[in-house]
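Working notes for the structure below.
Chain letters run A, B, ... following the sequence lines, proteins first, then strands; residues in each count from 1. These numbers were taken from a predicted model, which means no experiment stands behind them. The figures that follow rest on heavy atoms only: side chains count, while hydrogens, waters and symmetry mates do not.
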2 protein chains.
Amino acid sequence: MATYSDIQDWLRTGIREGRWRAGDRLPSEAELCLQFSVSRMTVNRALRELQHAGLVRREQGRGSFVAPLERVAARLELRDLHQDAAERGHHHEAEVLGLRAEPASADCAHALGLRRGQRVFFCQLLHREQGVPLQLESRWVVPSAAPAFLEQDFGRQTPTAYLLQVAPLTAAQYQIEAVAASPEEASCLGLEAGEPCLLVQRLSHGAAGPVSWARLLHRRYVLQGSFTA
Amino acid sequence: MATYSDIQDWLRTGIREGRWRAGDRLPSEAELCLQFSVSRMTVNRALRELQHAGLVRREQGRGSFVAPLERVAARLELRDLHQDAAERGHHHEAEVLGLRAEPASADCAHALGLRRGQRVFFCQLLHREQGVPLQLESRWVVPSAAPAFLEQDFGRQTPTAYLLQVAPLTAAQYQIEAVAASPEEASCLGLEAGEPCLLVQRLSHGAAGPVSWARLLHRRYVLQGSFTA
DNA sequence: CAGTGGTCTAGACCACTAC
DNA sequence: TAGTGGTCTAGACCACTGA
């Protein structure tokens, strides 16, 4: 008995092996029904999911086609450092360099949807993995989203984890670039001033609006990923 | 008449507005069938797709739950620069700095599955968008995967686009990091030596094995993305 | 055991495309 | 008009969970 994933396997293999090339028409749903002796719903699901995966393009009235693989895509995940380290079997620790309320700068206010000078919570942490400095985290938090933020011990639980608890994430934006470390940043991370660092900036939104803006500066960090047809 | 996307909208809204929080149990398929007066297949599809989107976790025999949004994920796409610029309505041009066959270095041979010293094709291009240097592309290609590579005019069609044509992509791996520009690289990109650059390295595989290894060095480039529940 | 999700069927009606 | 995909139905059997 054939299942939808048998049909997917057969199509994936054919595409991988060049039986159909980019732009070619695939067998119609009706043809696949006959070939695999399954109902149309089953074939439809197989094709629909291949479409979501980006492997197939479907057009009503015309047919299903092999999608041009013009974009290499992969899931990029920005995760809680502590979990990340734990999954690698590494030890993670965070040193709290600062934790206070301060007036919002123009940039910060803009990102968080506040007025300039309004009170925001700020924290700065140095994360180490296996004792090696890995990330300098500077974070600004909307007080109403996490009123008890300043009373937390971020040596025990990362701000990321805490905020996910008290203000579940509904959306986020990120931005990745290469920057030169300032003298202060360099000394925290154990680098020379001016050394290139990967900077990730992330704005998190909860149900009630912006929650937190984070500036994550990494020492010799490499983002990796892969993509498979 | 309710459709699967009506059900998805209702669930998404409830999750966004905090009606169900991370880990909470959602209504069962049977309950949703009654509530929306639809068949179970329709409800099932709605929930299955929310699961693929990462918003819902389903467990056989237990129920459907709001997924913990512990990872901020987004599709990272590494695309053809020319198309990318075109979609922004910008002009793109590429200057060919080098195009030749050469013996594979150890790194290159390793990445491409060749022996050291074996003949590989090499090209180096400077990409400009709106006249501004944007990316320095250095690329090594397995000759058997694209025998006519050296005869192409990469001022007209990018190597990425050409290779997608002659050796459709089946898989790729990428790696993103921050590096300092070497004096040569800096002069190409119009930077000072040592300035931080975003380096993307990408290994592409076709049906017959590794096709190409690219080293893409960017000037003041920012990768951006977003994630929405 | 009852309730849950995982999957499949054999029909159906519709909108769209191409001829 | 014939063929395509988009969607839905009202059942069905199964594997798994928890009481």
Side-chain angles (χ1 to χ4, degrees), chain A residues 1-16 19-71 229, chain B residues 1-16 19-71 229:
Chain A
M1 179 52 100
T3 68
Y4 75 91
S5 54
D6 293 331
I7 303 172
Q8 290 179 340
D9 288 344
W10 185 73
L11 291 168
R12 288 194 124 101
T13 302
I15 291 170
R16 193 172 50 240
R19 172 166 177 180
W20 304 284
R21 322 259 307 194
D24 286 358
R25 225 195 98 178
L26 295 169
S28 72
E29 294 193 351
E31 288 167 319
L32 291 170
C33 289
L34 290 175
Q35 178 176 339
F36 286 90
S37 306
V38 295
S39 74
R40 214 190 119 209
M41 273 300 269
T42 303
V43 166
N44 183 274
R45 176 173 173 187
L47 283 165
R48 187 169 9 96
E49 292 189 356
L50 288 180
Q51 182 182 31
H52 281 140
L55 202 58
V56 164
R57 207 185 59 237
R58 312 190 72 195
E59 291 178 38
Q60 196 172 73
R62 300 220 314 133
S64 300
F65 305 83
V66 178
L69 270 185
E70 63 204 10
R71 26 184 90 185
Chain B
M1 179 51 103
T3 67
Y4 74 92
S5 54
D6 294 332
I7 304 172
Q8 290 179 339
D9 287 345
W10 184 74
L11 291 168
R12 289 193 123 102
T13 302
I15 291 171
R16 193 173 49 241
R19 172 165 177 181
W20 305 284
R21 321 258 307 193
D24 286 358
R25 224 195 99 177
L26 295 169
S28 71
E29 294 193 351
E31 288 168 318
L32 291 169
C33 288
L34 290 175
Q35 179 176 337
F36 286 90
S37 306
V38 295
S39 75
R40 213 190 121 207
M41 273 300 269
T42 302
V43 166
N44 183 274
R45 176 174 172 186
L47 283 165
R48 185 166 10 94
E49 292 188 357
L50 289 180
Q51 181 182 32
H52 281 140
L55 201 59
V56 164
R57 207 186 57 237
R58 313 190 71 197
E59 291 178 40
Q60 195 172 75
R62 300 221 312 133
S64 300
F65 305 83
V66 178
L69 272 184
E70 64 204 10
R71 20 185 95 185

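- A search for side-chain hydrogen bond (donor to acceptor under 3.5 Å, both in side chains) contacts involving E49(A) returns Q8(A), R45(A), not counting sequence neighbours.
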Which atom pairs, one a donor and one an acceptor, fall under 3.5 Å between side chains of residues 60-67 of chain A and the rest of the protein, sequence neighbours left out?
| from | atom 1 | to | atom 2 | distance (Å) |
| --- | --- | --- | --- | --- |
| R62(A) | NE | E59(A) | OE1 | 2.9 |
| S64(A) | OG | R58(A) | NE | 3.2 |

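- The side chain to side chain contact (heavy atoms under 4.5 Å, CB included) search around A2(B) returns D6(B), F36(B), V38(B), not counting sequence neighbours.
- The side chain of R58(A) contributes an N or O atom lying less than 4.0 Å from OP1 or OP2 of dG6(D).
- The side chain to side chain contact (heavy atoms under 4.5 Å, CB included) search around R40(A) returns E29(A), C33(A), N44(A), not counting sequence neighbours.
- For the segment residues 27-34 of chain B, residues with any heavy atom less than 4.0 angstrom from an atom of DNA chain C are, sorted by number, S28(B), E29(B).
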Could you list, one pair per line, each protein nitrogen or oxygen that sits under 3.5 Å from a nitrogen or oxygen of nucleotides 14-17 of chain D, together with the distance?
| from | atom 1 | to | atom 2 | distance (Å) |
| --- | --- | --- | --- | --- |
| dC16(D) | O4' | Q60(B) | OE1 | 3.1 |

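- Atom CZ of R57(A) and atom P of dG5(D) are 13 Å apart (whole Å).
- With sequence neighbours left out, T13(B) forms a side chain to side chain contact (heavy atoms under 4.5 Å, CB included) with R16(B), E17(B).
- Taking every heavy atom of residues 36-44 of chain A and every atom of DNA chain C, pairs under 4.0 Å involve S37(A), V38(A), S39(A), R40(A), M41(A), T42(A), by number.
- The CZ atom of F65(A) sits 13 Å away from the C1' atom of dC16(C) (whole-angstrom rounding).
- Remark: R21(B) engages P168(A), D24(B) in a side chain to side chain contact (heavy atoms under 4.5 Å, CB included) (not counting sequence neighbours).
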